[in-house]
Amino acid sequence: MPPELPEVETTRRGLAEALPGRVVRSLLVAERRLRRPVATGLARRIEGQSVRAIERRGKYLILRLDSGGLLIHLGMSGSLRLVPAGEPSRTHDRWTLVFREGTALRMHDPRRFSLLQYSARPENDPLVRDLGPEPLETPEEELARHLRARAAGRRGAVKAFLMDGRVIAGLGNIYANEALHRAGVRPGRASGRVRAAEWARLAAAIHAVLEDALASGGSTLRDYLGVDGRAGLFRLRLDVYGRAGEGCRRCGTEIRSLRLSGRGSYYCPRCQS
DNA sequence: CTCACAGCCTGTTTGC
DNA sequence: TGCAAACAGGCTGTGA
């Protein structure tokens with residue numbers, strides 16, 4: 001299961017408890033070939049800087065430094081962990097950010113879809129600049145209006161629309177499926193044909209599913225040194241994602257699956273129209 | 001602008 | 001049983 005927005009936010013909270021004030025001693029890069037190559041001069045650029053804050057934009061983490069900051073993305077299989085400085089790397093550990101205070105932040109990422117990049121102005125970096133509103137920080141009614149306005153005239157599937165980061169930040173395949181089920185909207189519907197009342201239900205459902213996942217992940221936050229991006233997802237009970245052929249938890253009808261824009265999509269033919 | 005799809009990658013599942 | 005092919009998906013770039 002990939003880290004989605006709630007897992008990234010859980011990770012952010014863990015880092016925010018531990019990192020601010022720490023000073024970067026070194027960056028050890030074991031594998032440069034990630035989603036983008038890790039810049040050669042990155043280590044030198046950040047050594048000696050202290051961590052000011054940890055922010056999140058969609059599924060990107062922003063580690064604010066004295067000057068500029070690091071953009072970090074977990075990709076499909078990445079997870080961050082705080083480890084004691086000097087702990088040996090294992091297979092698939094990609095880089096380790098070592099702090100003077102004796103701890104280190106380590107990226108574990110088997111599939112190398114993760115990203116580590118310095119930016120002088122992280123919030124203006126093209127990677128995050130064009131992202132849509134934060135689903136958890138946008139009031140429900142505003143979110144509903146926004147989605148409806150952006151969907152006008154679009155004929156593509158509503159699930160693909162919800163997964164477009166420029167429309168709304170950080171909603172991945174799993175939670176797009178779950179939100180559509182909670183809202184009673186089929187994933188293959190044309191975005192422009194979803195009605196106002198349905199957008200209202202969708203906005204509420206997006207909030208609900210993300211908050212649920214966040215709540216279940218939050219309780220496992222205090223593992224050893226705190227950060228495990230996986231904890232939340234393992235605890236959230238999914239209603240439709242990956243449940244093709246099984247019974248809908250609400251009505252018992254068999255969950256169906258189809259492919260939309262190359263992505264697995266799941267819905268209940270009775271609960272969702 | 002909108003939309004679909006290839007490509008990146010490796011662990012896991014499926015199918016012969 | 002064993003191996004190869006298919007699958008999984010966030011994001012970007014490309015082309016229609």
Side-chain angles (χ1 to χ4, degrees), chain A residues 1-12 29-39 56-62 71-80 90-95 107-117 119 122 125-132 134-135 146-180 187-194 206 210 213 229-230 232-234 236 238 240-246 255 257-266:
Chain A
M1 297 279 192
E4 296 245 15
L5 191 148
E7 288 73 33
V8 178
E9 174 61 17
T10 298
T11 299
R12 188 198 68 78
V29 181
E31 177 55 82
R32 297 197 178 278
R33 297 170 300 165
L34 304 180
R35 180 172 122 202
R36 293 178 173 185
V38 179
R56 179 185 58 75
R57 189 72 178 92
K59 291 184 200 166
Y60 286 89
L61 289 167
I62 301 175
L71 281 169
I72 299 172
H73 197 289
L74 299 176
M76 288 296 303
S77 60
S79 58
L80 288 169
R90 300 190 201 173
T91 309
H92 303 324
D93 286 343
R94 304 308 186 185
W95 51 261
M107 171 67 81
H108 182 85
D109 177 26
R111 288 163 71 175
R112 300 204 272 119
F113 278 9
S114 66
L115 176 132
L116 174 67
Q117 181 178 306
S119 181
D125 192 283
L127 291 170
V128 298
R129 190 183 51 204
D130 300 325
L131 289 175
E134 285 294 325
H146 168 80
L147 291 172
R148 186 185 175 207
R150 289 292 303 267
R154 292 178 67 151
R155 296 192 217 177
V158 61
K159 189 170 78 73
F161 174 78
L162 290 176
M163 290 176 64
D164 183 343
R166 291 161 303 183
V167 170
I168 178 171
L171 204 59
N173 193 37
I174 295 171
Y175 293 139
N177 276 299
E178 295 297 311
L180 284 162
R189 291 264 303 280
S191 307
R193 294 186 181 270
V194 174
I206 289 167
L210 293 178
R230 301 293 162 111
L233 198 54
F234 284 142
L236 180 75
L238 300 176
V240 287
Y241 180 81
R243 299 190 65 244
E246 298 177 42
I255 300 298
S257 69
L258 75 162
R259 296 193 77 76
L260 293 170
S261 303
R263 295 292 177 251
S265 309
Y266 304 85

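We name chains A, B, ... by the order of the sequence lines, and we start the count at 1 in each one. Computed over heavy atoms, backbone and side chain alike; hydrogens, waters and symmetry mates excluded. These numbers were taken from a predicted model, which means no experiment stands behind them.
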Basic-acidic side-chain contact under 4.0 Å: R154(A), D164(A): yes
Under 4.0 angstrom between R112(A) side-chain N/O and dT10(B) OP1 or OP2: yes
L131(A) backbone acceptor or donor facing R57(A) side chain under 3.5 Å: yes
Protein-nucleotide distance (L260(A), atom CG; dC5(B), atom P), rounded to Å: 10 Å
Exam field: side chain N173(A) to backbone G264(A), donor-acceptor pair closer than 3.5 Å: yes
Interatomic distance where CZ belongs to F113(A) and P belongs to dT10(B) [whole Å]: 9 Å
Nucleotide nearest Y60(A) when distance is taken to its side chain, options dG11(B), dA8(C), dC11(C): dC11(C)
Side-chain heavy atoms of L171(A) within contact of F161(A), under 4.5 Å: no
Short side-chain to backbone donor-acceptor contact, S191(A) and G156(A), under 3.5 Å: yes
Interatomic distance, Q117(A) CD vs dC11(C) C1' [rounded to whole Å]: 13 Å
Length of the NZ-P vector between K59(A) and dG10(C), whole Å: 5 Å
Sugar-phosphate, base or nothing in reach of L127(A), heavy atoms under 4.0 Å: sugar-phosphate
side-chain contact (heavy atoms from CB on, under 4.5 Å) between R112(A) and R94(A), worked out: CA-CA 8 Å; R112(A) 300 204 272 119; R94(A) 304 308 186 185; 3.3 Å; yes
Test item: E31(A) side-chain N/O and R33(A) main-chain N/O as donor-acceptor pair under 3.5 Å: yes
Pair D125(A)-Q117(A), side-chain hydrogen bond (donor to acceptor under 3.5 Å, both in side chains): steps then yes or no: CA-CA 10 Å; D125(A) 192 283; Q117(A) 181 178 306; 2.9 Å; yes
Between C1' of dT10(B) and CD of E31(A), the distance in whole Å: 13 Å
Terminal helix-axis angle for the helix from dT2(B)-dA16(C) to dC16(B)-dG2(C), with five pairs defining each axis and rounding to 10 degrees: 60°
D130(A) CG to dT2(B) P, straight-line distance once rounded to whole Å: 13 Å
Among dT12(C), dA8(C), dT10(B), the nucleotide that comes nearest once only the side chain of R36(A) is considered: dT12(C)
Closest-nucleotide 5' rank along DNA chain B - winner of A152(A) and R94(A): A152(A)
N/O (side chain, H73(A)) to phosphate O (OP1/OP2, dC11(C)) under 4.0 Å: yes
Working for side-chain contact (heavy atoms from CB on, under 4.5 Å), residues V240(A) and E178(A): CA-CA 6 Å; V240(A) 287; E178(A) 295 297 311; 3.4 Å; yes
Between C1' of dA4(B) and CZ of R154(A), the distance in whole Å: 12 Å
Neighbours of DNA chain B within residues 160-169 of chain A, by heavy-atom distance under 4.0 Å: none
Side-chain donor/acceptor of R56(A) to backbone N/O of Y60(A), under 3.5 Å: no
Rounded distance (Å) that lies between atom C1' of dG10(C) and atom CD1 of I72(A): 16 Å
Sugar-phosphate only, base, or nothing, as touched by R35(A) at under 4.0 Å among non-hydrogen atoms: sugar-phosphate
Touch class at under 4.0 angstrom, heavy-atom based, for R263(A) against every strand present: base
Per E4(A) side chain, nearest of listed nucleotides dG11(B), dG10(C), dA8(C): dG10(C)
Presence of H92(A) side-chain N/O under 4.0 Å of dG11(B) phosphate oxygens OP1/OP2: yes
